[in-house]
Amino acid sequence: MRYTATVNDRTFTIDILPDGKLLVDGKPRDVDFLSLDNKTLYSLLVDNTSYEGLVEKVDGLYQVLLWGALYSVRVMDEREQRLAKSSAAFVPDDVEIVIRAPMPGLILSVPVEPGQAVEAGQTLVILESMKMENELKAPRAGRVHMVYVKAGDSVEQAKKLVSVI
Amino acid sequence: MPETTFIRKILIANRGEIAIRVIQACRELGIQTVALYSDVDRTSLHVRQADEAYHIGGARPSESYLVIDKVLDVARKSGADAIHPGYGFLAERADFAQACLDEGLVFIGPRPHSIAMMGDKLAARELMRKAGVPLIPGTRPGLTDDEILAAAQTEVGFPLMVKAAAGGGGKGIRIVERPEDLPGALASARREAEAAFGDGTVYLEKLIVGARHIEIQVLADAHGNTIHLGERECSIQRRHQKLVEESPSMFVDEDLRQRMGSVAVRAAQAVDYLNAGTVEFLVDKEKNFYFLEMNTRIQVEHPVTEMVTGVDMVKEQIRIARGRRMGPTQDSISMNGWAIECRINAEDPYNDFMPSVGRITANVAPTGPGVRLDSGIYDGYEVTPYYDSMLAKLVCWGETRGEAILRMRRALSEYRVMGVNTNIPFHQSLMDSHRFMAGSFDTSFVEERFEIEKEESDEQTELAAILATLVAHRDRQQAAQIVQRNARDVSNWKWFGRWERMQR
């Protein structure tokens, strides 16, 4: 079975052979892999070097915690790669981006209005949560399409706040 | 001579790790504990660990932990004799301390009038001046421009800050390096303050360049004993929030320690202080120190002092509240080794320290020599947006600062929390920083000269890829396996376990 695993900007091709051997970018690695708690904790021996990590699937990505650092890994098999390749061409650059609440909280202010042009990094919403003011910023330049909330609103996690096109 | 007060049951007017810390002290002393909880805290650790627990209202602190009547009502219902306020919430409210006394309850903290005197920042400054405690040079608000210009040359000195009397949020603040720039800065600060607060009153304060934030722990009992337990270095801050504390401080020698300690004792005595408190100072490069404020409660960072002095601060608080003589004397206090505390917060260090909420899906705590973890979380615990983002405090002790840092690096790498983002990578990066190791930092270090490294080695990245792929592969095999589960004799969970078996 061939997989590609993408971490940050790096992509690895990983073959899992029928006898359990592993090829990482074509190089054979001797791997012993064990779930420790049937949940998130794994022990990994790679060429007899021992590692321990936590792995959890969140929103289709595998979150891997190693030595305190968190890695987001996208794992695709061959079928998924073909799908991704064929659909990639149809995603237009100017698709609408919806800014959602990353956590529940109180809207302190919405310093933009529909139709307004915004720069990448410009503050769209200020959300108060855990006694902190959190500025939610535009991921890219564009134009504000919809504003779904106003100052004083309490919002749940993942609530739509503002959209940018 | 004050008489001994009986305390058999303590109500803890707090939540999270500090409530658990107080419960631990009570357990050791054989005292019963009463916990309070809001709508979202039914499953919190302090409720699970206390002897009794009472629901007191909504998730927002203003509907529960901050409502004095509700807290006192539980004290009555439960028959508690004393209240421990922890830190935050009602801890520094003189009216709460007074209300406890009026109910005939022991307030485990200072006397109400001491809290009130230190709570009024301007009045406290005046009191401290009279007690001979050094203050940051400055002027009072409300002087004319001519008076301000004269004062700048004589009693304040440059560089200085022009600050709005009605200030807040950094508005109306001007930093002035040279005398000739002062008139212009005054005018613009007044304009900005007028626009922002409707009040153009300004004052001057000397700018302490390269300042460190160093505080002194004090303890006072009702028998007239007031002592200090050395310093804590708290210069590692971000947006005025402390992130790492240590004791002792590399910057403080024995002479400075004794000078700061005796000034802190004097400050406490000036407000008739009782119980545990902390006097905060700014210390400049020439080791001049200036009073900032006094925290009239137990501090978040008290464990580092406990680790180096061996004094259990919370038990001393209870002993003092019982009217007894405190355990340590000034002569018995010595600082042994070095302790460092990292505050583990639910925030994303790679995304502007954005708070993170959600269910904890894994919580593997570090253990071993010299490691202490004061934690309020467990596997399955829900981190809500209603309270402080601090989840736990990781404290490491070593014979030397170097050993403490190495232990902290080791403990951080053992600590695994999943389900929410934590600032553990920030701490790892800090512990690797040469400037931190050398002790050359001030309060602006984290914001101005520290960059969290997101430099992952190829080995780590590759390993993350391998691990994720193996888990993904197993997930797929499992999905296929479940369909045909009855066709197989081996139980599913044995089947999931080993790598070799997945290959059949």
Side-chain angles (χ1 to χ4, degrees), chain A residues 1 3-8 10-12 14 16-20 22 24-25 29 31-35 37-42 44 46 51-57 61-77 102-105 129-132 134-137 157, chain B residues 61 239 241 345-348 350-358 361-362 364 379 383-390 412-419 421-422 424-425 427-428 454 456 458 460-476 493 496-500 502-503:
Chain A
M1 192 88 173
Y3 294 92
T4 58
T6 309
V7 193
N8 301 329
R10 287 199 59 187
T11 298
F12 299 86
I14 299 179
I16 298 179
L17 306 178
D19 63 354
L22 214 68
V24 180
D25 290 336
R29 311 296 294 265
V31 172
D32 189 82
F33 162 72
L34 192 65
S35 165
D37 61 352
N38 278 292
K39 212 179 132 200
T40 49
L41 187 60
Y42 297 89
L44 192 62
V46 180
Y51 305 96
E52 202 172 282
L54 291 153
V55 184
E56 195 182 23
K57 196 173 181 181
L61 291 178
Y62 286 89
Q63 305 288 331
V64 180
L65 191 72
L66 281 167
W67 299 285
L70 194 64
Y71 301 82
S72 283
V73 188
R74 180 178 297 282
V75 182
M76 288 191 285
D77 60 23
M103 69 207 96
S129 192
M130 287 176 155
K131 305 197 299 185
M132 305 265 284
N134 306 289
E135 298 186 355
L136 306 180
K137 294 171 177 164
Q157 190 160 5
Chain B
R239 289 207 215 157
Q241 300 268 52
N345 296 339
E347 32 183 61
D348 183 357
Y350 300 115
N351 185 14
D352 203 24
F353 292 85
M354 179 80 74
S356 176
V357 298
T361 53
V364 181
D379 185 357
V383 180
T384 69
Y386 301 102
Y387 311 109
D388 197 275
S389 63
M390 196 176 78
L412 286 166
S413 75
E414 285 178 11
Y415 199 2
R416 285 97 187 239
V417 178
M418 273 199 113
N421 290 307
T422 74
I424 288 174
H427 288 303
Q428 289 181 307
K454 199 171 186 172
E456 285 120 3
D458 288 351
Q460 290 181 28
T461 316
E462 182 181 311
L463 204 64
I466 293 174
L467 199 47
T469 304
L470 289 169
V471 174
H473 182 66
R474 190 208 51 178
D475 288 351
R476 271 155 237 231
W493 102 283
F496 299 158
R498 280 200 68 92
W499 165 245
E500 291 91 334
M502 295 193 306
Q503 304 312 313

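Any value given below was found using the heavy atoms of this structure, including those in side chains, with hydrogens, waters and symmetry copies removed. To find a chain, count down the sequence lines: A is the first, B the second, and so on, and within it residues start at 1. Bear in mind that the values here come from a model prediction, so they are computed numbers and not experimental data.
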*Under a 4.5 Å heavy-atom cut-off, does chain B meet the side chain of A:Leu54, its backbone, both or neither?*
both
_Does B:His473 form a side-chain contact (heavy atoms from CB on, under 4.5 Å) with A:Ile14? I'd like the steps, not just the answer._
CA-CA 11 Å; B:His473 182 66; A:Ile14 299 179; over 6 Å; no
_Intermediate values then yes/no, side-chain contact (heavy atoms from CB on, under 4.5 Å), B:Arg476 and A:Asp77_ = CA-CA 10 Å; B:Arg476 271 155 237 231; A:Asp77 60 23; 2.8 Å; yes
*Pick whichever of B:Leu463, B:Asp388, B:Leu412, B:Val383 has the most heavy-atom pairs under 4.5 Å with chain A.*
B:Leu463
*Between B:Gly419, B:Ser389, B:Ser413, which shows the greatest number of heavy-atom pairs under 4.5 Å with chain A?*
B:Ser389
*Side chain, backbone, both or neither: which part of A:Arg74 has an atom under 4.5 Å from a heavy atom of chain B?*
neither
*Work out which heavy atom in A:Tyr62 is nearest to a heavy atom in B:Ala468; give both atom names and the distance.*
CB-CB, 3.7 Å
*Which value, rounded to the nearest 0.5 Å, describes the distance between B:Asp352 atom CG and A:Asn134 atom CG?*
8.5 Å
*What is the distance from atom OG1 of B:Thr422 to atom CG of A:Leu65, rounded to the nearest 0.5 Å?*
7.5 Å
*Where on A:Leu61 is there a heavy atom nearer than 4.5 Å to chain B: the side chain, the backbone, both, or neither?*
neither
*Would you say B:Tyr415 has more than 12 foreign heavy atoms packed within less than 6.0 Å of its OH?*
yes
*Is the backbone N or O of B:Thr361 less than 3.5 Å from a side-chain atom of A:Lys39, with the two atoms forming a donor-acceptor pair by type?*
yes
_Quick check: closest heavy atoms across B:Arg474 and A:Ser35, and the distance to 0.1 Å?_
NH1-CB, 4.0 Å
*Within-4.5 Å side-chain heavy-atom neighbours: A:Phe33 and B:Leu467*: yes
*Against chain B, label A:Asp25 side chain, backbone, both or neither, depending on which of its atoms sit under 4.5 Å from a heavy atom there.*
neither
*A:Thr40 versus chain B, heavy atoms under 4.5 Å apart: side chain, backbone, both or neither?*
side chain
*Contact class of B:Asn351 relative to chain A, heavy atoms under 4.5 angstrom*: neither
*Under the side-chain contact (heavy atoms from CB on, under 4.5 Å) criterion, do B:Met418 and A:Leu70 qualify, and how do the steps go?*
CA-CA 9 Å; B:Met418 273 199 113; A:Leu70 194 64; 3.9 Å; yes
*Checking A:Glu135 against chain B: side chain, backbone, both or neither under 4.5 Å from a heavy atom?*
backbone
*What residue in A:Pro104, A:Ser72, A:Ala5 has the most heavy-atom pairs under 4.5 Å with chain B?*
A:Pro104
*asked:* Using every non-hydrogen atom in the two residues, find where B:Ala464 and A:Val73 come nearest and quote the distance to one decimal.
replied: O-CG2, 3.9 Å
*Quick one: what part of B:Ser356 sits under 4.5 Å from any heavy atom of chain A, side chain, backbone, both or neither?*
backbone
*Verify side-chain contact (heavy atoms from CB on, under 4.5 Å) between A:Val75 and B:Val471, making sure each step is shown before the conclusion.*
CA-CA 10 Å; A:Val75 182; B:Val471 174; over 6 Å; no
*asked:* Tell me whether A:Arg10 is salt-bridged to B:Glu462, with the criterion being a basic N under 4.0 Å from an acidic carboxylate O.
replied: no
*Sub-3.5 Å donor-acceptor pair from the side chain of B:Gln460 to the main-chain atoms of A:Tyr71, do we have one?*
no
*A:Val55 versus chain B, heavy atoms under 4.5 Å apart: side chain, backbone, both or neither?*
both
*State, with a plain yes or no, whether a side-chain heavy atom of B:Thr469 is found less than 4.5 Å away from one of A:Thr4.*
no
*asked:* Is B:Asn345 close to chain A through its backbone or its side chain, or both, or neither, when contacts mean heavy atoms under 4.5 Å?
replied: neither
_Counting heavy-atom pairs under 4.5 Å with chain A, which one of B:Thr384, B:Val357, B:Val417, B:Ile424 comes out on top?_
B:Val357
